[in-house]
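Because the structure is predicted, anything quoted here is derived from the model rather than measured. Proteins get letters first, then strands, A, B, ... in listed order; numbering begins at 1 in each.
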Amino acid sequence: MADWKDTCNLPRTSFSMKANLQTMEPETVARWDEMDLYGQIRAARKGAKKFLLHDGPPYANGEIHIGHVLNKTLKDLVVKSHNMLGFDAPYIPGWDCHGLPIELKVDRELGPKKRQMSTAEFRRACRAYAQKYVDIQRTEFKRLGILGLWGDPYLTMDFTYQARIVRALGKFVEKDMVYKGKKPVHWCTHCRTALAEAEVEYEPHTSPSIYVEFPLSDESLPELAKRVPELAACKVSVLIWTTTPWTIPSNLGIAFHPDFQYGAYDVGGHAVIVAKDLAETVGKKTGRSFDKLIASFDGKAMERLVFRHPLYPRDSLGVLGDYVTLEAGTGAVHTAPGHGADDYHTGVRYGLEIYAPLDPGGHFNESVELFAGLKVYDANPKIEAALKERGRLWHREDYDHSYPHCWRCHNPVIFLATAQWFIAMDAHHLRDKALKAIHDTRWIPSWGQARIEGMIANRPDWCISRQRSWGVPIPAMDCVKCGQPVLNKALVDKAASVFDVHGADAWYERPVEEFVPDGMTCAQCGGTEFERESNILDVWFDSGSSHEAVLPFRDDHHWPADIYLEGSDQHRGWFHSSLLVGIGTRGRAPFDQVLTHGFVMDDQGRKMSKSLGNTVAPQDIIKQSGAEILRLWVSMVDYREDIRVGKEVLARTVEAYRKIRNVLRVLIANLYDFDPKDDSVSRAKMLEIDRWALAKYADAAERIVKAYEDYDYPGIFQVANHLITVDLSAFYIDVTKDRMYTFGAKSEARRSGQTAMFIIVDGLARLLAPILSVTMDELWRMLPGEREASVHMALFPRELDQWKDASLLERWSALAAIRDQVNLKIEEKRKDKTIAGNLSARVTIAADGETSKLLSDYREFLSTLFGVSDVTVKSSSPQALKSSADGLNVEVSKAGGTKCDRCWRYVPEVSQEPERAGLCSRCVDALAEPVSL
RNA sequence: CGGAAGAUAGCUCAAAGGGCCAGAGCACUCGGUUGAUAACCGAGAGGUUGCAGGUUCGAUGCCUGCUCUUCCGACCA
């Protein structure tokens, strides 16, 4: 028996079933580099409508983690898809290079060596460190298949960038929106330096706990009598509690909770105020009786009453604060605006002085009576003694709690108000304009608007100064003679022009004269000598200025950007700072749309952390499965929410990838002898099933394009996956393969199928290219016909309407339903071993009504549709139809006749000719045509 | 403690001005095939839509409370 297999048009392709992504991906990335794919796309789209995604700069520290993968891949999806939608969509990646974490890392690496280094030298070490991680991360991002201008990214430490940050600040200075004020920060008196939140460690500590009496001032008595008549004739005082006696000299207020109930108790003939819920406890502690309640009232009644300081002839204002609790103390909180965060905000709200009479070493200065020159910790007992002497100290005990300590020297730290630079939120209507800009921006998802709105509406003035080394210096100076700080446009411009050439290091290295504008004099004392301040800018100002530093200066960019895309934490971070800088420099938001994504969680939905040991390293996944799997994963999950990753998710993603790859492989493998130019069949001459496939494809393609426009990536996967698995794999390809394999290679029927398959696989390669960038690039190069050097230079499929055919699809969904019914019957017969494969079956089918007509219309096609050897359509007989619910009667039996050795169908008779022995007539005809090679 | 978001089959996603037995794909089980073969086809099983109430003829979808998770922020005087 001859081996007829060789005469069949079996699929052939070098697009292998196994993806080999581990080798394919690096090769592809290298090829893209070599051919300058990014540049070629730019050239190809030149003149098209622009679509600009402005990259939020990741921090140049450490290797990339799974969150970076989500973020950068989403950006890549946006950029690639917009290029294929026909936009000119450039992408310039950036890095955030300044800031504390790098400083700390470098500090640790340098160890004791750091002490011998100048600030400029230390900054050079930081720069080298940042550059190292820029390079590492760049390699990793490229490995993910992200396309962009990797050769010329923007770095916040670029000299020109540093200069542009300063110029952006200049816009604020010019409008008089920047002022110097005070703000409490963590301060280490041992290291004599401000500490960032990350440098503070909480450790157990024993503090003195004291209860102190503040008498009501006489002038407030009438007001109190009005609010609380019962107290009209009393001598009134309030009892406060604190664990930092040394802040008593700085006391300027007493805070009450507006809604708590307070009571005035007769204690030894005086009316003493404490929170009612705490009266009993306070009584026990102080050993006095709080049994006799004279009056009770809300904390609100205490607002703006004036109390007297227990040590000095000074007032202490009654204020309200929500942060007052009943967990400890008296419900009346000692408030020193210069020495606490709450105290500070309350102080600002009530117009109290931000008073902190300490030197950097934590000593009281000369103005502080009784305690001048004392270090705060040494002052504690003295202050207690002074209070006791005056009869104001009601109780004292030790108090164990967790207290902030300096992470370096492990001494307790204090809160200390220090001079800082601020941007005033309400100068030049900054806040109002920002709120309007938020309203004018499209937030995706929409709740982002309310979120950032709340933040902008409530935020305090922006503190932009940091007492740090690695960043952009605030080009402010102090008058040597009188200490008056200066920050003006001329100073800023001068610094910016120096930074342009020498970088911001110049501030620490070059002579001060280079920075002092000609003829500058101190506005206060007329002094002409100045010294530089050593504050640097908040790094959020750095990155928030990126639109100013990048968009106007890059050829293919424009201001504002079309879209920003970051994690939802950036409502507080980069979106926020970018918005404020944008308002300050140009009066509007630097973006039209803001798209946010969630965070990557582990497979249980918990956040990843080193301590939990549930982190998933993208580097490992790439090694095991390939970056395409990560890209596919990003595309199929709902990134607007938090997303999960874990073994099963990734395994499912790999399965999905295989399925997609395999179906595309079958399609291209049937095109090995097809040239679209010569072999395409016009739609009019195509078989109906091929037109059906194209109609399905066109519907899907249209929805996918729409989904790209809507940033609905999971929707793309849904549609594409359904088309590929259900419509193509399980239906179209399955039904069509007999024709493709056994018909004459050049027969119109086979060419018809090839035409459809070509259009579909070509279209899918385009449609999936943003997601499976490497795989589609590979497929693209193997497809027949003239085409761009890379699929990423191509456009999404167009003119899809020509393939659409709603009535055909409707007819065919009825046919598919019949096929489902037949399959059920076939399955029954397979179970009882009447038949095995579908080709060993014959089907007898009858129906009534519409279905009957459909069956007779498609009589010739039914055996193909069902994949069986023979179908007999019977005219409907009411009796036979009784058993079936939907007017369909199906009978399956074993096919009769002889099996054709070539196409495996059972036919009534096969050829007896020696050359064609065992073949059905259709195969004999097919072989009349020479086999193509 | 405050602001915001979410919770649908083992996994990833669908279903909404509230209404046919809540749908796919993958995974799983069984069967077929061996001319997509580390593939392919068919069939099957799998969900009281986080929990508890409420509104309604009827709720996954609306309201209230709770639980859990996540992001942001505040706080420990």
request  = Look at all strands and tell whether E655(A) reaches a base, only sugar-phosphate, or nothing, counting heavy atoms closer than 4.0 Å.
outcome  = sugar-phosphate
request  = Counting heavy atoms from C-beta on, name the nucleotide in C71(B), G42(B), U12(B) closest to the side chain of R830(A).
outcome  = G42(B)
query = Mind checking what makes side chain to side chain contact (heavy atoms under 4.5 Å, CB included) contact with E827(A), not counting sequence neighbours?
reply = R830(A), K831(A)
task = Check ring-ring contact (aromatic ring centres under 6.0 Å, His included) between W574(A) and all other residues, then give those that pass, not counting sequence neighbours.
result = H54(A), Y564(A)
Results of salt bridge (Lys or Arg N to Asp or Glu O under 4.0 Å) for R640(A) - residues two or more places apart only = D638(A)
message = Suppose we screen for salt bridge (Lys or Arg N to Asp or Glu O under 4.0 Å). Which residues come up paired with D738(A), at least two apart in sequence or across chains?
response = R922(A)
inquiry  = What's G605(A) touching, base or sugar-phosphate or nothing? Going by heavy atoms closer than 4.0 Å.
reply    = sugar-phosphate
inquiry  = According to ring-ring contact (aromatic ring centres under 6.0 Å, His included), who are the partners of W187(A), at least two apart in sequence or on a separate chain?
reply    = none
key: With sequence neighbours excluded, residues passing salt bridge (Lys or Arg N to Asp or Glu O under 4.0 Å) with D710(A)   = K706(A)
Identify the pairs formed between an N or O of the protein and an N or O of nucleotides 20-25 of chain B at a distance under 3.5 Å, and give each distance.
unit_1 : atom_1 : unit_2  : atom_2 : d
G25(B) : O2'    : N721(A) : OD1    : 2.9

request  = When you get a sec, tell me which of U12(B), G31(B), U34(B) is the closest nucleotide to the side chain of W904(A)?
outcome  = U34(B)
request  = Check salt bridge (Lys or Arg N to Asp or Glu O under 4.0 Å) between R905(A) and all other residues, then give those that pass, not counting sequence neighbours.
outcome  = none
Considering only distance and modelled atom types, tabulate donor-acceptor pairs under 3.5 Å from the side chains of residues 656-663 of chain A, sequence neighbours left out.
unit_1  : atom_1 : unit_2  : atom_2 : d
Y657(A) : OH     : R661(A) : NH1    : 3.1
Y657(A) : OH     : T775(A) : OG1    : 2.7
K659(A) : NZ     : S729(A) : OG     : 3.3
R661(A) : NE     : S16(A)  : O      : 2.9
R661(A) : NH2    : S16(A)  : O      : 3.1

note = Contact check, residues 733-742 of chain A vs RNA chain B, heavy-atom distance under 4.0 Å, returns I733(A), D734(A), K737(A), Y741(A), T742(A)
ask   = Looking at A43(B), U33(B), G10(B), which one has an atom nearest to any side-chain atom of A836(A)?
value = U33(B)
message = Mind checking if D638(A) touches a base, just sugar-phosphate, or nothing, with heavy atoms under 4.0 Å?
response = sugar-phosphate
task = Tell me what T653(A) touches on the nucleic acid: a base, only sugar-phosphate, or nothing, going by heavy atoms under 4.0 Å.
result = nothing
query = Can you give the dot-bracket line for RNA chain B, where a pair is Watson-Crick or G-U wobble with both atom distances under 3.5 Å, crossing pairs use [ ], and | marks a partner on another strand?
reply = (((((((..((((.....[...)))).(((((.......))))).....(((((..]....))))))))))))....
Would you give me the side-chain donor-acceptor pairs under 3.5 Å for residues 449-460 of chain A, sequence neighbours excluded?
unit_1  : atom_1 : unit_2  : atom_2 : d
Q449(A) : NE2    : E453(A) : OE2    : 3.3
N458(A) : ND2    : G454(A) : O      : 2.9
R459(A) : NH1    : H576(A) : NE2    : 3.0

